[in-house]
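Hydrogens, waters and symmetry mates play no part in the numbers below; they use all other heavy atoms, side chains included.
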Amino acid sequence: MITQIPRATPTMAAPACAAESDEDRVILRDGSTVVVRPLATGDVAAIAAWFEGLGPETRHARFLGGVTMLDDRTRSQLAQVDHRDHEALTAVTPDGAVVGIARYIRFQQSSTAEVAVAVADHWRGRGIASLLLQQIAARARAAGIDCLTALCLASNTAVLGLLSRLGPMTTTPPEAEVIEVQINLLPRR
């Protein structure tokens, strides 16, 4: 869960333009295809459509609570990416449906960012979350982020397994229902 959503602020045109040409067509393990691309600044409609594809359990796991809707303000804030301190990648089907979003938001004046991912229920199990997390971690490293944190349910072993693939991982407190995961993105020596 991203716990601190930055306030909506105007962004420079250059990162958004660069993001438009940054698409990666991927064939998934079941043979279907998606395009992974940065979320376009201001793409509130993509966020709304993605959220609608999340079932109650997926929403609970992603937002750590009974979130049944994203209000206009939250959708707008989530759509204000600057592609450096706040990055979001989307997985888009050939017909244009956004089926997965991963994002990081850097903590102010820090080399640490919070990360989160969720995939629409009917697209889960195809490798989209893993793909999005690997690519968002690479972008975080390129932006000077050396540690990712995530809050997640201790029972969400699938996400914990995916996060552990990004780098050495610690959890605190390990016995709680909701745990904080820290992933070291620095190269292993």
Side-chain angles (χ1 to χ4, degrees), residues 1-12 14-16 18-19 22 24 36-41 43 47 50-51 58-65 67 70 73-91 100-119 128-189:
M1 173 178 162
I2 299 289
T3 54
Q4 293 184 347
I5 300 171
R7 295 177 191 247
T9 57
T11 58
M12 298 184 309
D22 195 9
D24 187 16
V36 175
R37 65 165 176 80
L39 183 73
T41 299
D43 200 348
I47 292 168
W50 161 79
F51 186 81
T58 305
R59 288 179 185 175
H60 179 75
R62 167 58 179 85
F63 295 99
L64 303 178
V67 177
L70 293 178
R73 180 175 169 255
T74 301
R75 285 193 309 264
S76 178
Q77 289 172 331
L78 289 172
Q80 295 302 316
V81 293
D82 65 10
H83 303 290
R84 176 164 169 72
D85 294 332
H86 182 184
E87 177 67 284
L89 295 176
T90 61
I101 296 179
R103 78 176 59 242
Y104 72 75
I105 299 175
R106 185 191 306 257
F107 295 122
Q108 282 190 341
Q109 308 297 317
S110 173
S111 62
T112 299
E114 191 169 7
V115 67
V117 65
V119 174
I128 294 173
S130 178
L131 173 71
L132 289 172
L133 281 172
Q134 290 291 332
Q135 290 194 17
I136 204 77
R139 287 173 179 264
R141 278 186 204 95
I145 294 167
D146 57 29
C147 180
L148 292 176
T149 67
L151 292 177
C152 63
L153 299 172
S155 60
N156 195 343
T157 56
V159 166
L160 289 170
L162 293 175
L163 292 172
S164 72
R165 295 181 197 160
L166 301 178
M169 182 175 89
T170 58
T171 60
T172 56
E175 69 281 346
E177 180 182 340
V178 175
I179 59 175
E180 180 179 5
V181 176
Q182 294 183 351
I183 303 122
N184 182 350
L185 294 180
L186 293 175
R188 296 180 185 159
R189 293 176 193 231

**Message:** If you apply the rule side chain to side chain contact (heavy atoms under 4.5 Å, CB included), what do you find for Val178 with Leu153, and how did you get there?
**Reply:** CA-CA 4 Å; Val178 175; Leu153 299 172; 4.0 Å; yes

**Item:** Step-by-step side chain to side chain contact (heavy atoms under 4.5 Å, CB included) determination, Thr90 to Asp43
**Value:** CA-CA 11 Å; Thr90 61; Asp43 200 348; over 6 Å; no

**side chain to side chain contact (heavy atoms under 4.5 Å, CB included) between Gln182 and Thr112, worked out** = CA-CA 9 Å; Gln182 294 183 351; Thr112 299; over 6 Å; no

**Complete:** Between Ala129 and Val119, the two heavy atoms sitting closest are N-CG2, 3.7 Å

**Request:** Please report the C-alpha distance between Ile128 and Leu131 in whole Å, then the side-chain angles of each, then the deciding distance to 0.1 Å, and finally whether the side chain to side chain contact (heavy atoms under 4.5 Å, CB included) criterion is met.
**Result:** CA-CA 5 Å; Ile128 294 173; Leu131 173 71; 5.6 Å; no

**Message:** To the nearest 0.5 Å, what is the distance between CG on Asp24 and CD on Gln135?
**Reply:** 5.0 Å

**Message:** If I take atom CD from residue Gln80 and atom CG from residue Leu39, how far apart are they, to the nearest 0.5 angstrom?
**Reply:** 9.5 Å

**Message:** Restricting to side chain to side chain donor-acceptor pair (under 3.5 Å), what partner residues turn up for Asp146, sequence neighbours left out?
**Reply:** Ser111

**Item:** Residue list, salt bridge (charged side-chain N to carboxylate O under 4.0 Å, His left out) with Arg106, at least two apart or on another chain
**Value:** Asp85

**Asked** Taking only residues two or more places apart in sequence or in another chain, which ones pass side chain to side chain contact (heavy atoms under 4.5 Å, CB included) with Arg139?
**Response** Asp22, Pro38, Glu87, Leu89, Tyr104

**Asked** Taking all non-hydrogen atoms of both residues, which atom of His86 and which atom of Asp82 are closest, and how far apart?
**Response** N-OD1, 2.9 Å

**Prompt:** Taking Arg75 for the side chain and Ile47 for the main chain, is one N or O donor matched with an acceptor at less than 3.5 Å?
**Reply:** no

**Asked** Can you name the closest pair of heavy atoms from Ala154 and Leu160 and give their distance?
**Response** O-CD1, 3.6 Å

**Point-to-point distance, once rounded to the nearest 0.5 Å, from CZ of Arg62 to CG of Leu64** = 8.5 Å

**Message:** So, taking the atom named OG1 in Thr58 and the one named CZ in Phe51, what distance separates them when rounded to the nearest 0.5 Å?
**Reply:** 10.5 Å

**Prompt:** Taking all atoms of both residues into account, what is the closest heavy-atom pair of Ala150 and Leu163, and its distance?
**Reply:** CB-CD1, 4.0 Å

**Item:** Partner set under side chain to side chain contact (heavy atoms under 4.5 Å, CB included) for Thr172, not counting sequence neighbours
**Value:** Glu180

**Message:** Tell me the closest heavy-atom pair linking Gly167 and Ile183, and the distance in Å.
**Reply:** N-CG2, 3.7 Å

**Distance-minimising heavy-atom pair for Val117 and Ala102** = CG2-CB, 3.8 Å

**Euclidean distance, Asn156 CG relative to Leu162 CG, rounded to 0.5 Å** = 8.5 Å

**Item:** Between OG1 on residue Thr171 and CD1 on residue Ile179, distance to nearest 0.5 Å
**Value:** 4.5 Å

